[in-house]
Amino acid sequence: MTVKENLETIQQDIERACQRVQRDVNSVKIIAVTKYVSDERALEAIDAGIAHIGENRVEEGNRKWQVLEGKGTWHFIGTLQSRKVKEMIEKFDYIHSLDRLSLAKEIQKRATKKVKCFVQVNVSGEETKHGIAATEVIDFIKTVEQYSLIEVVGLMTMAPYVEEPEETRQYFQRLKQVQKDVQALRLSFAPCTELSMGMSNDYQIAVEEGATFIRLGTSLVGKEI
Ligand SMILES: *Cc1c(COP(=O)(O)O)cnc(C)c1O
């Protein structure tokens, strides 16, 4: 399948999901996660009209950014080691994995302009998952205020992998609730208007529950390795 064909199917699914809950379809943005695929396939995604690219490794992400000549908006979606921030900060427009204060501090040190960050939340409480516990997100965000170059644009989560996608709904609902709690604080540095949630197997549910960025690898560009 071409990326364009996959994208058409996905867009129909998103439209239907939006209709079910009466959402504006334009409020959902697709990030093509290109970590599994070749440069050619990533370029195909750009040519198909994809505006957002997601990578989860600094070296590979930087390399693809060069090949794609920085076309599109770049999202860093993986665990980010502090020592690598300086290598990626100029290329990526969004960081989806702010999960500790030491990382915030390093971003502040290396950034030359405001950086759009998602606080990664571990909504399932699984020990293997990265992210801040849902109950600690508010306290964490308050401590980020001291770093003037960090803008908390939203929250991100990875639902646990389950056979039945419907089981992920509760996690997306929990993230939405945390978002409401953050928004109620009306913090100027943390508008928290975005929700980065939903992957290939559960994006329709994530859209029903309010995702504004869905992160699609396998279903959109495929998986080559
Ligand atoms: C790999 C990855 C994705 C995409 O996964 P698919 O199931 O292939 O769509 C989304 N988000 C993150 C954080 C990832 O690491």
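Both counts, for ligands and for their atoms, begin at 1 and track the order of listing.
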Inset, instruction - Apply the test side chain to side chain donor-acceptor pair (under 3.5 Å) to residues Glu55 and Thr34: give CA-CA distance (whole Å), side-chain angles for both, the deciding distance (0.1 Å), then the verdict. - result: CA-CA 6 Å; Glu55 279 283 332; Thr34 52; 2.6 Å; yes
Legend entry - Lys/Arg-Asp/Glu bridge criterion (N-O < 4.0 Å) met for Glu166, Arg169: yes
Inset, instruction - For the pair Glu59 and Arg57, find out whether any cationic side-chain nitrogen is under 4.0 Å from an anionic carboxylate oxygen. - result: no
Legend entry - Residue portion contacting ligand 1 (non-hydrogen atoms closer than 4.0 Å) for Lys35: side chain
Inset, instruction - Would you mind telling me if ligand 1 is within reach of the side chain of Lys223, the backbone, both or neither, using heavy atoms under 4.0 Å? - result: neither
Check whether any N or O atom of [X], backbone or side chain, sits under 3.5 Å from an N or O atom of ligand 1, and answer yes or no.
{"X": "Thr218", "value": "yes"}
{"X": "Gly217", "value": "yes"}
{"X": "Ser219", "value": "no"}

Protein contact of [atom] - nearest heavy atom, named by residue and atom, plus distance:
{"atom": "atom 11 (N) of ligand 1", "answer": "Arg215 NE, 2.8 Å"}
{"atom": "atom 13 (C) of ligand 1", "answer": "Ile77 O, 3.4 Å"}
{"atom": "atom 5 (O) of ligand 1", "answer": "Met199 CE, 3.5 Å"}

Legend entry - Whether Thr212 side chain and Glu194 backbone form a donor-acceptor pair below 3.5 Å: no
Legend entry - No-hydrogen, no-angle side-chain donor-acceptor test under 3.5 Å, Gln173 and Lys176: no
Inset, instruction - Answer with yes or no whether the side chains of Arg174 and Thr157 bring together a donor and an acceptor at under 3.5 Å. - result: no
Inset, instruction - Give the numbers and elements of all ligand 1 atoms closer than 4.0 Å to a heavy atom of Leu216. - result: 9 (O)
Legend entry - Residue pair Thr218 / Asn201, side-chain heavy-atom distance below 4.5 Å: no
Legend entry - Minimum non-hydrogen distance to atom 6 (P) of ligand 1, winning option of Gly222, Ala32, Ser200, Ser196: Ser200
Legend entry - Non-hydrogen atom of Tyr36 closer than 4.0 Å to ligand 1: yes
Inset, instruction - Evaluate the ring planes of His75 and Tyr94, with Trp represented by its six-membered ring, and classify them as parallel (under 30°), tilted (30 to 60°) or perpendicular (over 60°). - result: parallel
